[in-house]
Structure formats: structure tokens, C-alpha cells
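First the proteins, then the strands, lettered A, B, ... as listed; each starts at 1. These numbers were taken from a predicted model, which means no experiment stands behind them.
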2 protein chains.
Amino acid sequence: MQEPTFLILTALAAGPQHGYGVITDVREISAGRVVLRAGTLYAALDRLQAEGLIADDREEVVDGRVRRYYRLTDSGGARLTAETERLRRHTEVATTRLRARLAGGAAFHGLAGGALSGRGLAGGAA
Amino acid sequence: MQEPTFLILTALAAGPQHGYGVITDVREISAGRVVLRAGTLYAALDRLQAEGLIADDREEVVDGRVRRYYRLTDSGGARLTAETERLRRHTEVATTRLRARLAGGAAFHGLAGGALSGRGLAGGAA
DNA sequence: GTCGATATACAGATGGTCGATATATAAAGA
DNA sequence: TCTTTATATATCGACCATCTGTATATCGAC
């Protein structure tokens, strides 16, 4: 699952929202770093709906425009939970290694040219 | 940055490795959930090298076969650090929302149909 | 009339997946 | 011994999913 998709599900995890709302929410969540294009969003919504991760919630008419609300399904919630866990584990390993790399200095820049006996810190099998 | 790319950089964050080693390391890191195909790996290595995030480290000949070692460049380390931070923030928001969703129950399944005044918990602008 | 909110559509780029191929050595078997 | 098969390693190409970029349409407000 790519970042935009993850963020869309995260946006909907807070409650049903319409397309445009998701865009603004995702921008907020990511502190402005991820700004979804309309094309990205609606294609993703279709896809996610086809996968059963989200569903139509209701439609409202505001100022003559239809607002279609989407919500996370239980399946979508489960999926987001799983993805989150996965990402959390990955960031943990990366953080550990990056820290070791800084601490280790030269040894991690190839100057030790060694056997990397215990490359370790992988977190092994979960 | 997609998951395979992230994991490749993470693998190299532990020290220089050759292609096949990266594949096995990534499988380890992800507890078997991500198994890179050779095609994916070498294409990614080329790409990352072109971007300056990794570099050739050295070549060894083991059992007649050449092993080409790659290492993370400083730029690559910085990039991985940034990506990790980004992911960490995203997972934090997702975790918070998922927890609220569980706690809130019905209100988050569309049954409250409300205005979502403070959809919040987004972490705002960093 | 143009702007903002909202939705749809489509072409193009990027990156990943899958599968096939190649090489060298070691191990297994005829 | 000669051949086949397996293992470690690297390369290539066709295809596909997802994201980006951009254009377009609608309706009400300014």
C-alpha cells in the first residue's frame, strides 16, 4: 500500500468524509507534505471501494452540490491496523540501524570492510 | 518512497551488502513479509545509485562469482532518516485514530452522522 | 464573470512484479 | 567421468498498478 492510500484510509478512520474533505484532511495529517490530486483521490476511492475497504456512507446536498461521504469498513479498519503495524515495525528497524550507523561511524561507511558478522538489529521473526 | 525501496535502504543502513544479501536481509527485516524479486532489487539499486542514495562499495570474488557491494551514501542516510520520520508521524496519527475509532464505536461507523467538529488528532502543523 | 468547492476523466510517468536467461561452482547421480 | 541439477548471483524485458498532472463541468457566492 502506498502512502496516499494509507493516508486516505487514515483520514477516513476519523469518521466518514467526502472527497474534498479527505484531501484537506490528508494535507493536515501530513503537515502539508502530502497534497492529493483529485485524480489520485477519486481513483483510489474507487479502488478501495472495489476492495471493500471503504464504502459509501451517504450523500448530502450542500449548496446544490452533491457531497458523497465515504466511510471505513470494518475490513478497511483491519487493513489499516495491519498496515500501521507493518510500518511501525519497519520504522523501528530503520531507526535502530540509523542510530547504530551514526554511533558506529566509519565502520558503517565501508571503511571497515569487514564480514558484518552480526548485521543484526533486525528484530528477527516477530 | 515505496516499501521495497525503503527496505533496501534500511538493509544497507546496517553496512555494505551485495545484491543477494540485500534480498535475504529485507526478508529478515520484514519477518518474511517482503520478498524482493531479483528484478525489483536490481532495478531499484540502479535507480538509487542514479539518485546518489547508494554507491558501489567494492567487489569481491567468491567462488568465482563477482559480488558487488553497495553502501548507503550520506545522502542516502539522510533520506532514509527523513522517510523514517515521515512514516513514524503517519503511523502515530493512524494509531491514534484507530484507537479512537475502537473506543468511540458507533460514532465512527457513520451512525452519528455528525459534523466532525474536531476531527483532530492530526498532529497539526509540525 | 470569475472564484471556490466538488467531482470526473484521461494521458503519462514511475516504480514494482513476474518470469526468463546467464554464469560459475558444487553436489548428486548415471 | 560425464551429465544433470541446485545454488548464488546478476541482467533484461514485458506488463501492471498507482500516482501525477491537467483539463473540464457544475453550482452558488462575491
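- Atom CD1 of Ile54(B) and atom CZ of Arg47(B) lie 9.5 Å apart (nearest 0.5 Å).
- Near DNA chain C, meaning a heavy atom under 4.0 Å away, there are no residues from residues 77-86 of chain B.
- Put simply, NE2 on His18(B) is 5 Å from P on dT9(D), counting in whole angstrom units.
- The interatomic distance linking Glu59(B) (CD) with dT9(D) (P) rounds to 14 Å, in whole Å.
- For the pair Ile8(B) CD1 and dG15(C) P, the interatomic distance rounds to 12 Å; values are reported in whole Å.
- Looking at His90(B), Arg88(B), Arg89(B) one by one, the single match for side-chain hydrogen bond (donor to acceptor under 3.5 Å, both in side chains) with Glu92(B) turns out to be Arg88(B).
- Annotation: the span from Leu12(A) atom CG to His18(A) atom NE2 amounts to 11.0 Å, rounded to 0.5 Å.
- When all heavy atoms of Leu41(B) and Gly19(B) are compared, the closest pair comes out as CD2-O, 3.2 Å.
- Between Leu53(B) and the choices Leu48(B), Asp74(B), Leu72(B), the side chain to side chain contact (heavy atoms under 4.5 Å, CB included) rule is met once, by Leu48(B).
- As a whole-Å value, the separation of Glu60(A) CD from dA7(C) P is 11 Å.
- Rounded to a whole Å, the OH atom of Tyr42(A) is 12 Å from the P atom of dA5(C).
- Nearest heavy atoms, Gly77(A) versus Leu98(B): O-CD2, 4.0 Å.
- Listed here is the closest heavy atom pair of Pro4(B) and Thr40(B): CB-CG2, 4.4 Å.
- When all heavy atoms of Ala14(A) and Arg97(B) are compared, the pair lying nearest together is CB-NH1, 3.6 Å.
- The shortest heavy-atom contact between Thr73(B) and Gly52(B) is OG1-O, 2.7 Å.
- Of the residues Ile8(A), Val22(A), Asp56(A), the one that meets the side chain to side chain contact (heavy atoms under 4.5 Å, CB included) test with Tyr70(A) is Asp56(A).
- One atom, OH of Tyr20(B), and another, C1' of dA8(D), lie 6 Å apart when rounded to the nearest Å.
- In this structure, Ile23(A) atom CD1 and dT8(C) atom P are separated by 12 Å, rounded to whole Å.
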Inset, instruction - Between protein and nucleotides 13-27 of chain D, map the contacts as a letter string: B base, S sugar-phosphate only, - none, heavy atoms under 4.0 Å, written 5' to 3'. - result: -----SSBBB----B
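- The separation between Arg27(A) atom CZ and dT6(C) atom P is 12 Å, rounded to whole Å.
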Inset, instruction - Dot-bracket for DNA chain D, please, read 5' to 3', with Watson-Crick or G-U wobble pairs under 3.5 Å on both distances, ( ) within the strand, [ ] crossing, | other strand, . unpaired. - result: ||||||||||||||||||||||||||||||
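- Of all non-hydrogen atoms in Arg71(B) and Pro16(B), the two that sit nearest each other are CB-CG, 3.9 Å.
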